[in-house]
Amino acid sequence: MNNIDKNTADLLKQVADFDGISFKGAFNIRSNCMSLGRQSTENIKIDSKTDNPGLDIHIAPGTKGEDVFIPACVTKAGVDDLVYNDFYVGEGADVKIIAGCGIHTETGEPARHNGIHRFFLEKGARVLYVEKHVGTGSNQTKKVIDPQTEVFLGPDSYLEMDTSQLGGVSSSVRKTRGTVGERATLVIKERILTDDDETATTDFEVEMNGEDSGVNLISRSVARGNSYQAYRSNIIGNAKCTGHSECDAILSENGRVDASPELVANDRDAALIHEAAIGKIAGEQILKLRTLGLTEEEAEKAIIDGFLK
Amino acid sequence: MLEIKNLSFSAQGRKILDDINLTIPDGKLICLTGPNGGGKTTLAKMIAGVEKPDEGQILLDGLDLVPLDPTERARAGVGYAFQQPVRFKGITVRDMLNMAAGKTLTEEELASVLQEVGLEAGEYVDRGVGTHLSGGEIKRIEIATVLLRRSRLAVFDEPEAGIDLWSFNNLVRVFENIRDRRDNSLVIISHQERILSIADEIVMIQDGKVGLRGDRKSIFPRLLCKNDDCEKPCM
């Protein structure tokens, strides 16, 4: 694809490991509200929506080991991108979906990407969903990423969402809603690093409606500079199920974190657990690494890198 | 050579170390022993720079370590294994050992150092140095980080704590090997007879002072003495 400029290529590399030439398998590259390239495969069909901007992605039953790349980039100030992507994953399929969004701006008006994704997993389907968000360029210009995700997990299905936002995004509001069916499992791993005056809000609400369903939500965040993060999760058990959420945050400089985890058990066989810890890096951790020859700054970086890994 | 001169330290109105004077020659294995609360761990922390003394000097080959911070001391050749190892979220055994070595270790190097402390690399190398390890396992990782430093002076604070018998025997052999190479000095704080028995010299630290000291042949009978009529420093 020779219609990709350098800023877009750099963002694609960061969010989706783009090699500068193309993606292997099914893909759609979105940049500044337009598609720069698209490819379907025999098992994975990508079509434009007819009622809204965005895509319908159909993954055939039994598809195994294939990847789908759906990255989006904004490289122009003033762009306010809104996209609806629906993923229909057939029975017994087992695939990896790589999404993510990068914004690069140097001057001008705020730039924003709002991706609304819905996942419909049929019986026994398995999906690993990887989503990275980055912002690059001048930190004087506002870069906003507001993802919304809805998941509907059929019986025996499994969805693992691995999401990360490791700097450069001025503001983000992540909203995730889920419905988990019989023996289905939803795993969400979230990593967020905010710095300067950035803000990040995450809001999860998952209902476990099926017998023996499960949710595991793990959030790790670092708030540096004058940044602020708000974390809200609500795990609702409406059947015999297991739910676990873990929210750990490290504070540095003047960073602030507000965590509000909720558990709601509407069935006596719902087993729900929440763990949370917010605080600065333990002094003894810094000391240990310093006795290995690291400086205080190197030790703090190693601890934060490991924490967010 | 490590020379500790007139080292004193007080906390909360209590004298923890009281005018400690001690010389540790190159290539020797010295065991510090004595009753709990006698000041052994505080002395080890002073050497590593984790605590600062009120008075005195700690000289490593003539260089006064006291003004140096823990990073500078590590770079000057001091290794220190904490009595209670620190846990980390997200940092793996591999990460930790690479940081200790100051380079990316090969799989063979990782396996070798983990074998020295009685751990199987395949099972442990990618596990987190957090709640994924038992007390004994994380203790062995702690020891491995210090072994990798190849420090001119390595201080181990109660390395036997939490370690099973098989790994303990292995660890004693590791300390013996380091002792026999005679290319760096070891200070081991221990109450264990097996460790004390491989020391070139045993030093009793009691009530913040250096008490009885000497080679193992002369000290051992005194340490094991049960005679109530004996005066200090029999244990």
Side-chain angles (χ1 to χ4, degrees), chain A residues 162-166 187-193 216-224 231 244-252 257 259 273-309, chain B residues 44-52 65 68-103 126-132 138 141-142 144-157:
Chain A
D162 184 346
T163 68
S164 60
Q165 180 179 307
L166 302 179
V187 177
I188 301 175
K189 297 174 184 173
E190 175 192 66
R191 289 162 293 157
I192 298 182
L193 185 148
N216 191 12
L217 167 55
I218 299 161
S219 172
R220 291 210 174 151
S221 68
V222 176
R224 291 200 295 221
Y231 169 92
H244 171 251
S245 77
E246 182 183 319
C247 165
D248 286 327
I250 290 178
L251 302 175
S252 182
V257 172
I273 297 170
H274 177 71
E275 301 171 77
I278 302 174
K280 64 182 182 184
I281 294 173
E284 60 181 9
Q285 292 181 329
I286 298 275
L287 261 179
K288 171 58 194 170
L289 298 190
R290 294 190 75 186
T291 66
L292 299 181
L294 279 69
T295 63
E296 190 166 351
E297 295 72 28
E298 289 168 341
E300 184 173 325
K301 182 176 184 310
I303 291 165
I304 287 175
D305 287 351
F307 181 73
L308 292 173
K309 188 164 61 182
Chain B
K45 287 180 175 174
M46 296 284 162
I47 296 170
V50 175
E51 301 275 6
K52 288 260 186 185
L65 299 178
L68 305 185
D69 65 31
T71 305
E72 292 166 326
R73 292 191 201 204
R75 292 176 180 180
V78 178
Y80 175 55
F82 285 57
Q83 186 185 95
Q84 292 178 324
V86 182
R87 293 178 185 272
F88 295 85
K89 274 197 172 169
I91 291 181
T92 64
V93 170
R94 182 192 299 273
D95 297 333
M96 202 71 187
L97 297 180
N98 283 339
M99 282 190 276
K103 64 173 188 174
D126 290 319
R127 283 167 69 173
V129 188
T131 53
H132 301 90
I138 199 166
I141 300 300
E142 176 73 7
T145 63
V146 176
L147 296 179
L148 278 167
R149 296 286 303 159
R150 305 270 181 231
S151 305
R152 284 152 67 199
L153 172 74
V155 182
F156 295 87
D157 194 350

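To find a chain, count down the sequence lines: A is the first, B the second, and so on, and within it residues start at 1. These figures come from a predicted structure and were not determined experimentally.
Side chains of Ile188(A) and Asn216(A) form no contact here, defined as non-hydrogen atoms less than 4.5 Å apart.
Taking CD1 from Ile141(B) and CZ from Phe88(B), the interatomic distance works out to 12.5 Å, rounded to the nearest 0.5 Å. Annotation: the span from Leu166(A) atom CG to Ile304(A) atom CD1 amounts to 11.5 Å, rounded to 0.5 Å. Note that CD1 of Ile281(A) and CD1 of Ile286(A) are 4.5 Å apart. Values are rounded to the nearest 0.5 Å.
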Give every donor-acceptor pair between chain A and chain B closer than 3.5 Å, one pair per line, or write none.
| unit_1 | atom_1 | unit_2 | atom_2 | d |
| --- | --- | --- | --- | --- |
| Asp248(A) | OD1 | Lys89(B) | NZ | 3.3 |
| Asp248(A) | OD2 | Lys89(B) | NZ | 2.3 |
| Gln285(A) | NE2 | Arg87(B) | O | 2.8 |
| Lys288(A) | NZ | Glu142(B) | OE1 | 3.3 |
| Lys288(A) | NZ | Glu142(B) | OE2 | 3.1 |
| Lys288(A) | NZ | Thr145(B) | OG1 | 3.1 |
| Arg290(A) | NE | Thr71(B) | OG1 | 2.8 |
| Arg290(A) | NH2 | Asp69(B) | OD1 | 3.4 |
| Arg290(A) | NH2 | Asp69(B) | OD2 | 3.0 |
| Arg290(A) | NH2 | Thr71(B) | OG1 | 3.3 |
| Leu292(A) | O | Arg149(B) | NH1 | 2.6 |
| Gly293(A) | O | Arg75(B) | NE | 2.9 |
| Gly293(A) | O | Arg75(B) | NH2 | 2.9 |
| Leu294(A) | O | Thr71(B) | OG1 | 2.7 |
| Lys309(A) | NZ | Asp95(B) | OD1 | 3.4 |
| Lys309(A) | NZ | Asp95(B) | OD2 | 2.3 |

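Both the backbone and the side chain of Ala302(A) come within less than 4.5 Å of a heavy atom of chain B.
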Practice problem: Evaluate side-chain contact (heavy atoms from CB on, under 4.5 Å) for Leu193(A) paired with Arg224(A), printing each intermediate quantity in order. | Solution: CA-CA 8 Å; Leu193(A) 185 148; Arg224(A) 291 200 295 221; 3.9 Å; yes
Exercise. Could you check Val222(A) against Ile192(A) for side-chain contact (heavy atoms from CB on, under 4.5 Å), going step by step and ending with a plain yes or no?
Key: CA-CA 6 Å; Val222(A) 176; Ile192(A) 298 182; over 6 Å; no
